[in-house]
Asker: 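First the structure, then my questions, so here it is.
The figures here come from the full heavy-atom set of this structure, side chains too, leaving out hydrogens, waters and symmetry mates. Counting starts at 1 for both ligands and their atoms, in listed order.
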Amino acid sequence: MATSPSLLFLSCFILHLAFASTPINAYSYSTKSVVLNNIDTCWRTNSNWASNRKALADCAIGFGKDSIGGKYGAIYKVTDPSDDPINPKPGTLRYAVIQTQPLWIIFAKDMVIRLKNELIMNSYKTIDGRGAKVEIANGPCITIQSVSHVIIHGITIHDCDPSKPGLVRSSPSHVGHRLGSDGDGISIFSSSNIWIDHCFLARCADGLIDVIHASTAITISNNYFTHHDKVMLLGHSDEYIADKIMKVTIVFNRFASGLIERMPRVRFGYAHVVNNKYDGWKMYAIGGSSNPTILSEGNYYVAPNNSASKQVTKREKKGKLKSWKWRSSNDAFLNGAYFVPSGYGSCDPNYSHAQFFTAAPASLVPAITFNAGPLTCVVGKAC
Ligand SMILES: *[C@@H]1O[C@H](CO)[C@@H](O)[C@H](O)[C@H]1NC(C)=O
Ligand SMILES: *[C@@H]1O[C@H](CO)[C@@H](O)[C@H](O)[C@H]1NC(C)=O
């Protein structure tokens with residue numbers, strides 16, 4: 001079939017799972033047949049995924065596209081779910097993530113990892129949960145601080161707690177005294193080239209994913225968010241103007257039931273919020289303060305039933321709100337949802353050729369976000 005750029009996402013991306021007996025309407029999502037979005041298309045149909053794991057590193061789109069994670073490193077297999085924040089044992093996740101050389105980290109078996117303090121990641125790491133059921137839960141969770149090139153794929157992060165002050169190792173040669181974390185699922189601080197894909201995040205003490213302190217070049221895709229108050233904060237304070245450099249792509253995520261606000265909330269930076277599915281919210285979906293620029297494109301917004309909360313948008317400040325550039329393009333609004341735009345001039349992400357992708361029509365979003373969250377991947381079969 002001839003493809004024009006705008007039809008790229010439709011070309012041969014229909015994956016029939018083993019138990020789907022008949023080809024089913026590609027636009028339907030209440031079946032075993034899924035339409036793949038243009039991240040998943042890049043790798044999911046390959047039944048050899050387990051021997052080609054690093055192919056995933058080439059599949060991001062948007063601002064986090066250049067994130068290579070551990071692409072040029074060895075495979076490291078986590079065998080031991082235990083944790084020692086100061087002297088991590090070989091075989092544990094913490095031992096792997098603090099190393100200085102690039103590593104592509106995988107898991108030998110299903111495991112629940114209850115961390116005793118923040119997991120402080122070093123640069124050039126991929127955490128790849130494919131083929132195992134990996135949970136980081138009921139303790140402090142992940143900190144990505146002053147590093148670059150991190151990919152986190154296919155893990156479940158829930159019930160994250162604040163950590164107590166204490167010593168935590170951040171590299172083989174450095175143990176630092178930490179003041180205690182807030183209880184985020186994933187905290188991204190002064191870091192760049194980060195890609196978070198196909199994770200499940202719920203019920204943390206603070207944010208599910210927070211991006212702060214001049215972090216940029218980030219893609220947050222294919223994640224399943226549920227049961228949480230403050231979902232995603234882009235910019236920690238309204239005084240920290242270095243956050244103006246922040247560019248984040250939020251794409252193909254499912255903002256599922258039990259969420260209250262911040263999907264995302266942006267302070268100074270730029271957010272391209274595209275092809276996400278919102279299953280209601282309690283207060284609002286997209287918020288901001290400090291003059292952020294937001295392009296909402298091809299999302300599928302289902303408003304909550306409460307007639308007081310139908311507005312997608314919320315501006316958290318008084319003043320010149322009308323000049324803030326907030327644009328909605330080809331979004332679908334259901335159950336009375338509405339977006340209040342503002343500002344004038346271009347809101348375009350100005351992606352490089354490599355980062356660029358064409359948004360799917362909003363009507364396809366239920367199908368292309370149907371497999372948000374970790375996938376069940378069996379060796380020798382397409383995921
Ligand atoms: C709104 O109410 C309908 C009918 O009770 C229900 O099926 C639906 O899930 C509700 N929607 C949300 C977003 O809560
Ligand atoms: C893209 O360029 C336009 C025009 O210069 C600008 O208004 C917009 O803010 C830019 N987008 C980003 C993400 O910087």
Side-chain angles (χ1 to χ4, degrees), residues 29-30 60-66 192-194 211 214-220 224-229 231 234-235 241-251 253-261 263-264 266-274 276-286 288 290-313 320-329 331-339 341-359 362 365-366 369-370 372:
Y29 60 100
S30 58
I61 56 176
F63 293 118
K65 168 74 189 174
D66 297 336
S192 60
N193 295 296
I194 311 296
V211 179
S215 294
T216 191
I218 293 164
T219 295
I220 296 171
Y224 191 102
F225 299 94
T226 188
H227 295 291
H228 190 78
D229 180 0
V231 179
L234 308 183
I241 57 170
D243 278 338
K244 281 187 180 171
I245 67 161
M246 190 178 287
K247 292 183 185 181
V248 183
T249 303
I250 297 168
V251 60
N253 298 287
R254 176 97 183 264
F255 294 101
S257 59
L259 299 174
I260 296 179
E261 59 185 314
M263 302 167 230
V266 196
R267 293 195 197 261
F268 289 96
Y270 178 95
H272 187 200
V273 182
V274 48
N276 301 285
K277 182 164 188 279
Y278 291 81
D279 304 342
W281 49 82
K282 190 149 183 216
M283 290 168 62
Y284 66 88
I286 296 188
S290 303
N291 193 7
T293 301
I294 298 171
L295 174 60
S296 166
E297 186 179 8
N299 295 290
Y300 191 94
Y301 292 111
V302 182
N305 289 328
N306 176 359
S307 60
S309 310
K310 300 284 186 192
Q311 190 184 144
V312 168
T313 40
K320 296 183 185 162
L321 309 182
K322 284 185 180 156
S323 65
W324 294 2
K325 288 199 279 182
W326 291 25
R327 199 72 38 81
S328 165
S329 169
D331 289 318
F333 297 105
L334 289 92
N335 204 25
Y338 67 99
F339 186 106
S342 55
Y344 49 88
S346 167
C347 273
D348 197 278
N350 309 319
Y351 287 135
S352 69
H353 181 72
Q355 296 167 334
F356 182 81
F357 62 101
T358 304
V365 167
T369 60
F370 186 67

Asker: Does any N or O atom in Asn335 lie less than 3.5 angstrom from one in ligand 1, N or O only?
Answerer: no

Asker: Of all the atoms in ligand 1, which lie at a distance below 4.0 Å from a heavy atom belonging to Asn305?
Answerer: 1 (C), 2 (O), 3 (C), 8 (C), 10 (C), 11 (N), 12 (C), 14 (O)

Asker: Note down each nitrogen or oxygen pair, ligand 2 side and protein side, whose separation is under 3.5 Å; give only atom names and the distance to 0.1 Å.
Answerer:
residue: ligand 2; atom: 2 (O); partner: Asn350; partner atom: OD1; Å: 3.3
residue: ligand 2; atom: 2 (O); partner: Asn350; partner atom: ND2; Å: 2.5
residue: ligand 2; atom: 7 (O); partner: Lys325; partner atom: NZ; Å: 2.8
residue: ligand 2; atom: 7 (O); partner: Ser346; partner atom: O; Å: 3.1
residue: ligand 2; atom: 11 (N); partner: Asp348; partner atom: O; Å: 2.7
residue: ligand 2; atom: 11 (N); partner: Asn350; partner atom: ND2; Å: 2.8

Asker: The test is side-chain contact (heavy atoms from CB on, under 4.5 Å); show your working for Asn299 and Lys277 and say whether it passes.
Answerer: CA-CA 6 Å; Asn299 295 290; Lys277 182 164 188 279; over 6 Å; no

Asker: When you look at CD1 of Ile245, are more than 12 heavy atoms from neighbouring residues, nucleotides or ligands closer to it than 6.0 Å?
Answerer: yes

Asker: Among Asp279, Asn276, Thr369, whose side chain to side chain donor-acceptor pair (under 3.5 Å) with Arg254 holds?
Answerer: Asp279

Asker: Whether the side chain of Lys310 engages the backbone of Ala337 through a donor-acceptor N/O pair (distance < 3.5 Å, no angle test) should be reported.
Answerer: no

Asker: Do Thr249 and Tyr351 have a side chain donor and acceptor closer than 3.5 Å?
Answerer: yes

Asker: Hey, is Ser257 touching ligand 1 through its side chain, its backbone, both or neither, going by heavy atoms under 4.0 Å?
Answerer: neither

Asker: If the test is side chain to side chain contact (heavy atoms under 4.5 Å, CB included), which one of Pro292, Ser215, Pro264 qualifies with Leu234?
Answerer: Pro264

Asker: What class does the angle between the rings of Tyr278 and Phe255 fall in, given that below 30° is parallel, 30 to 60° is tilted and above 60° is perpendicular?
Answerer: parallel

Asker: Would you say the ring centroid of Phe333 lies under 6.0 angstrom from that of Tyr300?
Answerer: no

Asker: Identify, by atom number and element, the atoms of ligand 1 in contact range of Ala303, meaning under 4.0 Å from any of its heavy atoms.
Answerer: 13 (C)

